[in-house]
Amino acid sequence: MKPMRNLTTKTTSKEVLRSHCPVNYGVEIFGDRWSLLIIRDIVFIGKKTYGEFLKSEEGIATNILASRLALLEEQGILSKAPSPTDKRKDFYTLTEKGRDLIPILLNIILWSARHDAKSYALPDKDFFVRLRQNPVQVSDEVKELVRNGGCVFPESQE
């Protein structure tokens, strides 16, 4: 009789993985769409609070948002600190481990721009031209920008 495997859930704090395959690890830690969209909102738009994430175009449910923020914090991808101006709000920022996901996000963007005819990644926009030409340099620049509290498209903030 085979021993039963422990399966991880998105709400548990136990780090029990289905397997230690590198692809599985990534998928279990940051691979659901909501987690990636939260990271996207931090990197590209500069969102920092629960309320800002809630306003995203994709319409995340409140319970899912709370769960994903907790999971990303628990996994060391996000850090949470009280807002300096309003102690009732928390600010979420990417940790170094979280910033290491930026090249993956940028590669998803390149892939999507190539295969989605309605992609928001405009072929003539300077950022996307530079990204296609030199993804490693742009990735390093974006990581530094986010490390210093910035975002790629600050004019997009709501």
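Counting begins at 1 with the first residue of the sequence. Side chains included, hydrogens not; waters and symmetry mates left out as well; all remaining heavy atoms used.
Remark: Glu58 pairs with Trp34, Leu37, Arg40, Ser56 by the side chain to side chain contact (heavy atoms under 4.5 Å, CB included) rule, at least two apart or across chains. Residues that satisfy the side chain to side chain contact (heavy atoms under 4.5 Å, CB included) test with Ile104, not counting sequence neighbours, are Phe30, Leu101, Ile108. In this view, Tyr50 satisfies the ring pair (Phe, Tyr, Trp, His ring centres under 6.0 Å) rule with no residue, not counting sequence neighbours. A search for side chain to side chain contact (heavy atoms under 4.5 Å, CB included) contacts involving Asp86 returns Ser83, Arg88, Lys89, not counting sequence neighbours. The side-chain hydrogen bond (donor to acceptor under 3.5 Å, both in side chains) check on Asp90 picks up nothing, with sequence neighbours excluded. By the side chain to side chain contact (heavy atoms under 4.5 Å, CB included) test, Ala61 pairs with Asn63, Ile64, sequence neighbours left out. Here Thr93 pairs with Ser79 under the side-chain hydrogen bond (donor to acceptor under 3.5 Å, both in side chains) rule; sequence neighbours left out.
Here the closest non-hydrogen pair linking Gly149 and Lys48 is O-NZ, 3.7 Å. Gly46 and Glu52 get closest at one heavy-atom pair: O-OE1, 4.4 Å. Nearest heavy atom pair, residue Leu36 against residue Leu105, reads O-CD2, 4.3 Å.
Looking at heavy atoms from C-beta onward, Phe91 lies in side-chain contact with Thr49 at the 4.5 angstrom threshold. Residues Phe127 and Val138 are in side-chain contact: their nearest non-hydrogen atoms beyond the backbone lie under 4.5 Å apart.
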**OP:** Take Arg147 and Glu144 through the salt bridge (charged side-chain N to carboxylate O under 4.0 Å, His left out) test and state the conclusion after the steps.
**Re:** CA-CA 5 Å; Arg147 182 178 292 113; Glu144 188 62 24; 2.6 Å; yes
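Rounding to the nearest 0.5 angstrom, the gap separating the CZ atom in Phe128 from the CG atom in Leu106 is 9.5 Å.
Among pairs with a residue in residues 97-110, those fulfilling salt bridge (Lys or Arg N to Asp or Glu O under 4.0 Å) read Glu96-Arg99, Asp100-Lys143, at least two apart in sequence or across chains. Under the side chain to side chain donor-acceptor pair (under 3.5 Å) criterion, the residue pairs touching residues 105-120 are Glu57-Tyr120, with sequence neighbours excluded.
Asp41 places no side-chain N or O within 3.5 Å of a backbone atom of Lys47 that could act as its donor or acceptor partner.
Exactly one of Ile77, Leu72, Ile38 qualifies for a side-chain contact (heavy atoms from CB on, under 4.5 Å) with Leu94. That residue is Ile77.
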